[in-house]
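No hydrogens, no waters, no symmetry mates; every other heavy atom, side chains included, goes into these values. Proteins get letters first, then strands, A, B, ... in listed order; numbering begins at 1 in each. Here the structure is a predicted model, which is why all the values come from computation and not from measurement.
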2 protein chains.
Amino acid sequence: MNMSLTIALLGILDLTPMTGYDLKKSIAASVSHFWSADQSQIYRTLAVLVADGLAEVEVIPQEGRPDRHEHHITPAGRRALDEWLRSPLQPEKPHDAFLMRLFFVGTLGVPATRAVLRARRSQATVMLAGLQSVVEQEQARREPDDRSPDDLGRRLRHATLRNGILHAQAELAWLTETKEALE
Amino acid sequence: MNMSLTIALLGILDLTPMTGYDLKKSIAASVSHFWSADQSQIYRTLAVLVADGLAEVEVIPQEGRPDRHEHHITPAGRRALDEWLRSPLQPEKPHDAFLMRLFFVGTLGVPATRAVLRARRSQATVMLAGLQSVVEQEQARREPDDRSPDDLGRRLRHATLRNGILHAQAELAWLTETKEALE
DNA sequence: ATCCCGTATAGGTGTGATCCTATATGAACA
DNA sequence: TGTTCATATAGGATCACACCTATACGGGAT
């Protein structure tokens with residue numbers, strides 16, 4: 001069984017039942033910093049979930065636009081999600097195109113190498129700013145009425161953002177170190 | 001055109017002509033910290049390189065074992081490599097199964113969450129130790145006779161290892177921070 | 001005597017993912 | 001009046017990759 005999009009969809013449907021279209025937006029809004037998904041792939045995977053009995057469709061007729069196919073997680077789906085969450089996670093094989101580029105760019109000389117590093121710095125800077133602004137928005141959204149409990153889910157969602165921030169900062173620190181090593 | 005294994009193979013063949021078998025070993029030995037490749041995929045990609053005129057095969061007969069199909073990069077291959085090295089590198093879409101797991105594991109409670117973080121810590125620790133030992137081996141191999149110039153290629157290969165080390169350290173720091181945030 | 005390892009090549013099959021495209025309609029915009 | 005946007009679903013083609021298997025033979029270990 002698929003260990004990736006399947007799980008992302010089950011995890012989101014476990015929070016709120018929704019349509020493929022909603023899932024696309026939800027992924028873009030809340031997990032885009034560590035996952036992405038193509039729309040057609042979402043629909044295909046959703047069909048597999050239903051075929052496997054991990055989700056059920058509730059068709060909600062609408063006027064003027066296509067019916068909503070609202071997907072709900074089933075008990076079997078919830079079990080499959082739990083099982084995956086508790087299963088060992090084998091470390092993924094890295095595929096980092098940037099490091100590959102850096103590894104081979106030496107033959108083009110120092111100026112080309114510096115250009116590669118500069119491009120990386122600007123990307124990492126944009127990435128960091130993006131993550132920080134998401135964190136700030138979350139905090140701002142929370143301050144007006146801090147009645148809601150600071151529950152585990154909230155903290156973990158925040159932790160995934162912090163992960164991205166620390167890695168972006170590590171990347172910037174590494175870029176500084178590497179730039180100095182080239183002088 | 002393929003922006004990944006193709007380039008890895010061209011990059012390595014540009015350093016030294018070799019066979020598919022050698023490439024598999026070379027990748028495992030020198031770029032495994034940021035790239036991995038399946039043997040059959042290497043042979044397939046190699047065939048594409050030859051079909052596209054980016055590499056040429058020199059057959060070297062051997063006794064008792066299959067002939068060596070030694071692949072050499074062609075001028076067109078060198079140009080394709082240069083072009084890729086200078087082309088803009090669009091940021092890759094992240095697919096981080098661990099962060100997805102953390103994002104959804106909250107529904108299983110705090111103990112299950114701690115277990116996920118502990119597993120991550122041990123993986124990151126192993127990863128860090130592995131990278132550091134590679135760096136130490138490189139330095140040890142160098143000390144006996146430090147006649148060889150500390151050229152750009154060497155420094156960049158070292159930089160790719162440093163990148164992995166800084167990210168592994170960032171991951172460990174993040175794990176500590178996250179563990180504290182759960183208390 | 002047997003089995004596995006190293007050398008060397010390569011096909012079969014399935015999966016996950018991306019890019020592009022098609023369909024349908026109301027509402028807002030220019 | 002025409003275009004684009006938002007809603008909503010979904011197929012086609014292609015790609016990159018992983019996992020498994022097959023072939024061939026010499027050498028060393030059990």
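- The phosphate of C/dG16 has neither OP1 nor OP2 within less than 4.0 Å of any side-chain N or O from B/K93.
- Both the sub-6.0 Å distance and the 45° axial angle are satisfied by B/R101 relative to the ring of A/W84.
- Look at B/T19 and you won't find any side-chain N or O under 4.0 angstrom from OP1 or OP2 of C/dT7.
- Between the CD1 atom of A/I7 and the P atom of C/dG16 there is a distance of 11 Å, given to the nearest Å.
- In this structure, A/Y21 reaches the D/dT7 phosphate: one of its side-chain N or O atoms is under 4.0 Å from OP1 or OP2.
- A sub-4.0 Å separation between OP1 or OP2 of D/dT7 and a side-chain N or O of A/K25 is present.
- Atom CD1 in B/I42 sits about 16 Å away from atom C1' in D/dC20, given to the nearest Å.
- Contact record, B/V135 with B/I165: CG2-CD1, 3.9 Å, taken as the closest heavy-atom pair.
- What separates CE of A/M100 from P of D/dA16 is a distance of 12 Å, to the nearest Å.
- For the pair A/K24 NZ and D/dA8 P, the computed distance is 16 Å after rounding to whole Å.
- Side-chain nitrogen and oxygen atoms of A/H95 include at least one within less than 4.0 Å of the OP1 or OP2 phosphate oxygen of D/dA18.
- A side chain to side chain donor-acceptor pair (under 3.5 Å) check over residues 108-130 of chain A, counting only residues at least two apart or in different chains, returns the pairs A/R120-A/E171, A/R121-A/T176.
- Grouping Ile, Leu, Val, Met, Phe, Trp and Tyr by side-chain contacts under 4.5 Å, direct or through others, leaves A/V126 on its own.
- In terms of modelled atom types and a separation under 3.5 Å, the side chain of A/D52 and the main chain of A/L54 share no donor-acceptor contact.
- For the OP1/OP2 pair of C/dA17 and a distance below 4.0 Å, the side-chain nitrogens and oxygens of A/T45 include no atom meeting the criterion.
- The NE2 atom of B/H69 sits 13 Å away from the C1' atom of D/dT23 (whole-angstrom rounding).
- Mapping A/H71 and A/R44 onto DNA chain D by nearest heavy atom places A/H71 closer to the 5' end of the strand.
- Side-chain atoms of A/N163 and A/T160 form no donor-acceptor pair, as typed in the model, at a separation below 3.5 Å.
- A/L23 has its CG atom 9 Å from the P atom of D/dT9, to the nearest Å.
- Relative orientation of the A/H167 and B/H167 rings is parallel, given thresholds of 30° and 60° on the angle between their planes.
- One interatomic measurement links the two molecules: OH of B/Y43 to P of D/dT23, which rounds to 17 Å at whole-angstrom precision.
- For the contact set between residues 29-40 of chain A and DNA chain D, defined by any heavy atom under 4.0 Å, the members are A/Q39, A/S40.
- Per the geometry, CG belonging to A/D67 stands 17 Å off C1' belonging to D/dA6, to the nearest Å.
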